[in-house]
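Please read the structure below before turning to the comments.
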Amino acid sequence: YVFTEGNPKWKRNNLTYRIVNYTPLMRRADVDEAIQKALSVWSNVTPLTFQKIEDKMADIMISFVVRDHQDNSPFDGPNGQLAHAFQPGEAIGGDVHLDNEEYWTKDGRGYNLFIVIAHELGHSLGLSHSTDPGALMYPTYAYTDPKEFHLPQDDIDGIQAIYGQSNAPVQPTGPTTPQACDPSLTFDAVTTLRGEMMFFKGRYILRKHPQRIETELNFISLFWPKLPSGIQAAYENIERDEVLLFKEDKYWVLRGYDIAPGYPKSIYRLGFPKTVKRVNAAYSDENTGKTYFFVADRYWRYDENKRSMDHGYPRKILSDFGKIGRVDAAFQKDGYVYFFHGTTQFQFDPRGKRIVRQMKSNSWFDC
Amino acid sequence: SAFPVAPEAEEERKNIALVETYLQNFYNLQKDDQPHVRLKSVNPLPEKLKEMQEFFGLKVTGKPDLETLEMMKKPRCGVPDIGK
């Protein structure tokens with residue numbers, strides 16, 4: 001996180017805000033709600049309070065303007081610069097300006113008003129842009145479903161360094177941005193996808209192309225805005241050029257790079273009993289056409305050709321996969337299966353049914 | 001003009017304009033009011049570009065490579081990344 005140069009801050013904790021005008025693209029109630037939610041992002045983690053006023057000059061004046069609007073920082077039409085805000089201070093200090101030529105929405109279409117205003121309010125309170133790509137105060141727009149939004153730890157640390165901690169008995173914490181070479185890195189799910197490797201972690205994908213040294217970190221929503229964060233299992237059916245992604249009792253199918261229509265569907269269609277609430281990991285053996293699903297300490301085997309579960313399952317993972325008791329994530333590559341459990345990774349030879357190597361979970365990233 | 005501009009040249013011209021505007025807006029690159037006067041001083045643009053690449057965790061090349069141009073085209077906040 002970075003403080004605005006000169007460390008400006010409000011001398012009071014009880015601030016006021018006023019919505020000067022509205023975008024014609026959203027219902028007023030939705031704009032009000034987006035702004036209230038954005039303000040609570042910051043008031044939930046500090047002693048700050050925000051009171052809405054209807055007339056008079058407020059500390060934070062929020063308005064939708066276009067192009068040159070007499071503050072020496074003209075907007076540039078659709079896309080590009082979406083909004084800006086001013087550091088704490090009198091008059092224009094703390095004010096938020098939103099480009100009224102943007103396509104403002106309350107969901108994943110266009111630009112989500114809540115996400116953008118929450119970012120701008122960070123400036124109104126004295127924060128500058130963060131270099132943490134997962135931070136709310138990162139300069140570029142990245143959609144997150146407002147229902148799933150949690151203020152990242154980097155932003156919490158920054159705003160509390162200015163205004164102090166929240167008065168709540170339990171201090172709120174937020175998600176951190178995964179670092180590829182963090183020795184304590186664990187994964188929610190791993191899969192191949194047309195020769196690349198996708199490591200799922202929270203709202204992120206760590207993407208590894210075999211020919212490139214760097215590991216790319218992106219939001220899941222950048223590729224698939226309709227997918228939730230926290231994907232729990234994933235596997236590639238290479239023959240069908242499909243990737244299946246699982247979360248709780250639902251799964252999605254990616255065909256190529258697009259989510260196939262009609263998804264998510266229920267995992268019970270695949271033959272799981274109702275006692276199964278989620279899938280921890282999965283991999284598909286492209287030689288046998290069998291897919292292995294790992295749930296807690298058991299696993300099922302699914303026949304991709306018959307499109308049904310094989311009989312005689314579930315079985316204990318321990319009975320067929322060596323000392324691997326539970327699995328967080330799994331994928332197959334070059335005939336070997338790689339199982340991830342916590343920070344440990346096992347390379348398993350499915351023909352010899354034995355573990356041939358044990359590595360760190362992030363061994364695929366050139367750390 | 002009467003002479004058609006090669007697409008590559010047009011593309012390059014657009015990229016240079018994008019880079020300059022971006023660095024002026026967000027990295028305090030001073031506008032060059034007298035482009036026709038060749039100053040002896042060092043061109044600040046590569047250094048500013050390095051600053052931007054470092055901020056975004058890109059490869060620091062000082063050159064407008066593809067990854068840098070893609071980042072510059074992303075929708076973003078209008079507040080500068082450095083300075084006031």
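Just the heavy atoms: all of them, side chains too, but no hydrogens, waters or symmetry mates, feed the values below.
Within residues 200-220 of chain A, the residues having any heavy atom under 4.5 Å from a heavy atom of chain B are, by residue number, A:Glu214. By a heavy-atom distance cut of under 4.5 Å, B:Phe55, B:Phe56, B:Lys59 are the residues of residues 52-64 of chain B near chain A, going up by number. Contact residues of residues 12-22 of chain B toward chain A are absent (heavy-atom distance under 4.5 Å).
For A:Phe199 and A:Phe187, the ring centers are positioned less than 6.0 Å apart.
Annotation: side chain of A:Met61 is not in contact with side chain of A:His97 (no heavy-atom distance under 4.5 Å).
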Before giving the answer on salt bridge (charged side-chain N to carboxylate O under 4.0 Å, His left out), spell out for B:Glu47 and B:Lys50 the whole-Å C-alpha distance, their side-chain angles and the decisive distance to 0.1 Å.
CA-CA 5 Å; B:Glu47 284 314 307; B:Lys50 282 180 183 176; 3.6 Å; yes

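Among A:Val65, A:Val66, A:Asp68, the one residue that satisfies the side chain to side chain contact (heavy atoms under 4.5 Å, CB included) test with A:Pro74 is A:Asp68.
Proximity to chain B is limited to the side chain of A:Tyr111, based on heavy atoms less than 4.5 angstrom apart. Contact annotation for A:Ser73: neither backbone nor side-chain heavy atoms come within less than 4.5 Å of a heavy atom of chain B.
Distance check: A:Trp10 CH2 to A:Gln87 CD gives 10.0 Å after rounding to the nearest 0.5 Å. The distance from atom CG of A:Leu121 to atom OH of A:Tyr17, rounded to the nearest 0.5 Å, is 10.0 Å. Rounding to the nearest 0.5 angstrom, the gap separating the CD atom in A:Glu120 from the CG atom in A:Leu136 is 9.5 Å. To the nearest 0.5 angstrom, B:Asp81 atom CG is 10.5 Å from A:Thr131 atom OG1. How far OG1 of A:Thr4 is from CG of A:Leu127: 6.5 Å, rounded to the nearest 0.5 Å. Atoms CG and OG1, from A:Asp30 and A:Thr23 in turn, are 11.0 Å apart once rounded to the nearest 0.5 Å.
Shown here is A:Lys106, whose NZ atom has no more than 12 heavy atoms of other residues, nucleotides or ligands within 6.0 Å.
A tilted orientation is assigned to the rings of A:Tyr1 and A:Phe3, their planes being inclined by 30° to 60°.
A donor-acceptor contact closer than 3.5 angstrom links the side chains of A:Glu148 and A:Ser229.
Residue pairs meeting the side chain to side chain donor-acceptor pair (under 3.5 Å) criterion with at least one partner in residues 132-142 of chain A, sequence neighbours excluded, are A:Asp132-A:Thr177.
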